[in-house]
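Accompanying notes for the structure given below.
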Amino acid sequence: QVQLVESGGGVVQAGGSLRVSCAASGGTFSRYRMGWFRQAPGKERAFVGAISWTGDTTYYADTVKGRFTISRDNAKNTVSVQMNSLKPDDTAVYYCAASPRGGVWNQIGAYDYWGQGTQVTVTS
């Protein structure tokens, strides 16, 4: 059983940057593929990006590609998403998730464990 706790959310102006992190405990972190999702008010939870077990492969949704960067530190059991050039449309609750297996990277059902989420608000 893996527990995930996000941190680093907040309010930022459009064009600004924010780094959101996720700390994992209770499992062997390096055995989990990690994903980031977000959910805006009134919308379904959507894939943001994911990173492989070793950190050498990343995938991003088209909406954030080139602006967001996901990284992980297996020694510290953390995964982060650096968000640059933020837009008001990036406003959402951001969730990290852990998957112990392969499969489709961008599907919610591929992830077994979820954090509680952290709010990111981008003002215009």
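Numbering starts at 1 and runs along the sequence shown.
Here the closest heavy-atom approach between residue M83 and residue V120 is recorded as CE-CG2, 3.9 Å. Of all heavy-atom pairs spanning S124 and P88, the tightest one is CB-CG, 4.0 Å. In terms of heavy-atom proximity, A98 sits nearest to Y32 at CB-CD2, 3.9 Å. Nearest approach of R33 to A110, heavy atoms of both residues: NH2-CB, 3.9 Å.
Under the 4.5 Å side-chain heavy-atom criterion for ILVMFWY residues, no single connected hydrophobic cluster contains both W114 and V20. Put simply, V81 and Y59 are part of two different groups of oily side chains (I, L, V, M, F, W, Y) that touch within less than 4.5 Å, one to the next. In terms of hydrophobic clustering, with Ile, Leu, Val, Met, Phe, Trp and Tyr side chains grouped at heavy-atom distances under 4.5 Å, Y113 and V48 are assigned to a common cluster. Note: the hydrophobic cluster containing Y60 also contains W36 (ILVMFWY, side chain heavy atoms under 4.5 Å, direct or indirect links). Residues V12 and V64 are members of one and the same hydrophobic cluster, defined by side-chain heavy-atom contacts under 4.5 angstrom among Ile, Leu, Val, Met, Phe, Trp and Tyr.
Between F37 and F47, the angle of the ring planes goes over 60°, which puts this pair in the perpendicular group of the 30/60° scheme.
Using a 4.5 Å heavy-atom threshold, the side chains of Q116 and E6 count as touching. With a 4.5 Å cut-off on side-chain heavy atoms, Y111 and S99 count as touching. Between Q119 and T91 there is a side-chain heavy-atom pair separated by less than 4.5 Å. Within the 4.5 Å cutoff, side-chain heavy atoms of M34 are placed close to those of L4. In this structure, P100 and R31 have side chains that are not in contact, with every pair of non-hydrogen atoms separated by 4.5 Å or more. Between R101 and D112 there is a side-chain heavy-atom pair separated by less than 4.5 Å.
Taking OG from S21 and CG from D73, the interatomic distance works out to 10.5 Å, rounded to the nearest 0.5 Å. Atom-to-atom distance recorded for F68:CZ and T63:OG1 is 7.5 Å, nearest 0.5 angstrom. Atom OG1 in T28 sits 10.5 Å away from atom CG in N74 (nearest 0.5 Å). To the nearest 0.5 Å, the span separating OG on S71 from CZ on R19 amounts to 4.5 Å. Distance check: L18 CG to Y94 OH gives 9.0 Å after rounding to the nearest 0.5 Å. To the nearest 0.5 angstrom, Q1 atom CD is 10.0 Å from S25 atom OG.
The pair D90-K87 does not meet the salt-bridge criterion, since no charged nitrogen lies less than 4.0 angstrom from a carboxylate oxygen.
Judged by the 6.0 Å and 45° rule, R72 forms a cation-pi pair with F29.
Of the possible donor and acceptor atoms, none in the side chain of R45 sits under 3.5 Å from a partner among the backbone N and O of Y95.
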